[in-house]
Amino acid sequence: MPPPASKKSPAVAVSEEMFAPVSPSVEICYQTFGSPDEDPLLLVMGLGGPMIWWDDDFCTSLARAGFFVIRYDNRDTGRSSRIRQRVTRAQLVKAFSTGRANTPYSLSDMAGDGLALLDHLGLEAAHVVGISMGGMIAQTMAIEAPTRVLSLVSIMSTTGRRTVGWQSPELLPTLLTARRGGMEAYVAANAVVWNLIGSPDFPVDPDALRKRGEDTFARGVSQSGVLRQMLAIVTQPNRTLSLRNLRVPTLIIHGLADKMVHVSGGRATASAVPGAELLLVEGMGHDLPVDLYDTFVESIRRTADRASTGD
């Protein structure tokens, strides 16, 4: 008797990359996975990361879990608009020590980009998932537009309180080093960073790491854009009190081996948001290990379902 035929997962519709004018000076590049009839899910990436850092397989898995997935390039990243205002490393170091500076834009402005993208798509609200800086942006969206965020997942992020979620001092020289040269130089520098901040228990395949570096460079990198985003991060407000007013299903995910944003940031966020679930992962650093995709998808789905049940 022949073995039963294997069941293939249904194909997931993937859109072309498109552009949304979210303000007179900013145009956002975005892409969708899945059906618009499913639950809208907005993915917000972190510092200097284009939307392709939300891996295709991860987005496809989320779509198969019943989401209409929207990923996008933040301003100053990938194919979205560049902001024409110079930031020096001296300005950044001063802002890092004081928490104050005149900034080209704020995390609130970046949150506005995400909300305007939802407007462009005709969506009144969405589930929102943010990673690192994207988690800060997602928290800001939930605070400033609570009716538009159905559920919140903040991954390896923090509250903006300067005594939590700090960076390991060993990272600063690498993060502040200017990257010059072409693709090969970028790919090499990119590998150095990810080997420093990645998950010790879930190492990334070197070929996959190189491919991501090449794809990121081809998409368009902006060192000045990274500095502008960093300035928005180091001058962000302490959201702790505002987070205590949230009444939205919330999940906090953080790696216990995170050198980029110390796990105290995740713990503080979970402590601030009433009813938040905290998922701490042993051996996870500041990335999304492929081996944990199923865990993350299930957790995001569970959090979204809490919104529909009124929990």
Side-chain angles (χ1 to χ4, degrees), residues 12-13 30-46 51 54 58-72 107-108 110-132 134-159 239-254 266-281 288 292-311:
V12 169
Y30 71 97
Q31 187 177 33
T32 66
F33 291 72
S35 168
D37 295 330
E38 302 288 4
D39 297 331
L41 179 70
L42 186 69
L43 301 180
V44 192
M45 185 39 70
M51 64 181 177
W54 294 108
F58 184 63
C59 294
T60 298
S61 295
L62 286 167
R64 290 197 174 113
F67 290 111
F68 176 53
V69 181
I70 307 146
R71 66 179 185 180
Y72 69 99
L107 291 183
S108 181
M110 299 183 79
D113 293 342
L115 294 169
L117 176 57
L118 296 183
D119 290 338
H120 177 80
L121 292 168
L123 297 170
E124 294 183 0
H127 304 279
V128 182
V129 178
I131 184 168
S132 194
M136 304 167 196
I137 295 169
Q139 292 172 32
T140 304
M141 291 174 66
I143 289 167
E144 296 185 352
T147 61
R148 307 202 64 187
V149 176
L150 300 173
S151 70
L152 170 66
V153 180
S154 180
I155 305 173
M156 59 186 94
S157 193
T158 186
T159 62
R239 291 178 296 278
T240 303
L241 293 178
S242 298
L243 289 169
R244 289 175 182 164
N245 294 322
L246 291 186
R247 296 296 183 269
V248 59
T250 299
L251 169 67
I252 309 301
I253 302 174
H254 217 112
R267 288 190 171 114
T269 310
S271 178
V273 180
E277 177 186 354
L278 177 61
L279 174 60
L280 299 178
V281 184
L288 288 180
L292 297 176
Y293 279 2
D294 288 347
T295 298
F296 295 150
V297 170
E298 187 277 330
S299 299
I300 292 168
R301 182 69 261 178
R302 183 178 68 249
T303 305
D305 290 342
R306 287 175 56 195
S308 62
T309 61
D311 182 4

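No experiment lies behind these values; they were computed from the predicted model shown. Just so you know, residue 1 is the first one in the sequence shown, and it goes up from there.
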When rounded to the nearest 0.5 angstrom, what distance separates [atom1] in [X] from [atom2] in [Y]?
X    : Y    : atom1 : atom2 : result
T269 : I253 : OG1   : CD1   : 12.5 Å
F68  : L121 : CZ    : CG    : 6.0 Å
F67  : T32  : CZ    : OG1   : 15.0 Å
D305 : D39  : CG    : CG    : 7.5 Å
Y72  : M51  : OH    : CE    : 11.5 Å

> Hey, what's the ring geometry for F58 with F296, parallel, tilted or perpendicular (30° and 60° as the breaks)?
Replying inline: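 Judged by the thresholds at 30° and 60°, the geometry between F58 and F296 is perpendicular.
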Using side-chain heavy atoms (C-beta onward) and a distance below 4.5 Å, is [X] in contact with [Y]?
X    : Y    : value
T295 : Y293 : no
V129 : V44  : no
L279 : L251 : yes
I70  : F33  : no
T303 : T250 : no
R64  : S61  : no
W54  : C59  : yes
L62  : L41  : yes

Distance-only donor-acceptor pairs under 3.5 Å for side chains of residues 137-157, two or more places apart:
{"unit_1": "Q139", "atom_1": "OE1", "unit_2": "R239", "atom_2": "NE", "d": "3.0"}
{"unit_1": "Q139", "atom_1": "OE1", "unit_2": "R239", "atom_2": "NH2", "d": "3.4"}
{"unit_1": "Q139", "atom_1": "NE2", "unit_2": "S154", "atom_2": "OG", "d": "3.1"}
{"unit_1": "Q139", "atom_1": "NE2", "unit_2": "T158", "atom_2": "O", "d": "3.1"}
{"unit_1": "T140", "atom_1": "OG1", "unit_2": "M136", "atom_2": "O", "d": "2.8"}
{"unit_1": "E144", "atom_1": "OE1", "unit_2": "S108", "atom_2": "OG", "d": "2.9"}
{"unit_1": "E144", "atom_1": "OE2", "unit_2": "S108", "atom_2": "OG", "d": "2.9"}
{"unit_1": "R148", "atom_1": "NE", "unit_2": "E124", "atom_2": "O", "d": "2.9"}
{"unit_1": "R148", "atom_1": "NH1", "unit_2": "D119", "atom_2": "OD1", "d": "2.9"}
{"unit_1": "R148", "atom_1": "NH2", "unit_2": "D119", "atom_2": "OD1", "d": "2.8"}
{"unit_1": "R148", "atom_1": "NH2", "unit_2": "L123", "atom_2": "O", "d": "2.9"}
{"unit_1": "S151", "atom_1": "OG", "unit_2": "H127", "atom_2": "ND1", "d": "2.7"}
{"unit_1": "S157", "atom_1": "OG", "unit_2": "S132", "atom_2": "O", "d": "2.8"}
{"unit_1": "S157", "atom_1": "OG", "unit_2": "M136", "atom_2": "N", "d": "3.2"}

> Closest approach of L278 and G266, non-hydrogen atoms and distance?
Replying inline: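 Looking at all heavy atoms of both residues, the shortest contact is CD1-O, 4.0 Å.
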>> Tell me the closest heavy-atom pair linking T159 and A268, and the distance in Å.
In response: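 Of all heavy-atom pairs spanning T159 and A268, the closest is CG2-C, 3.8 Å.
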> Who are the salt bridge (charged side-chain N to carboxylate O under 4.0 Å, His left out) partners of R71, not counting sequence neighbours?
Replying inline: D56
> Quick one: does R306's side chain have a donor or acceptor within less than 3.5 Å of a partner on P249's backbone?
Replying inline: no
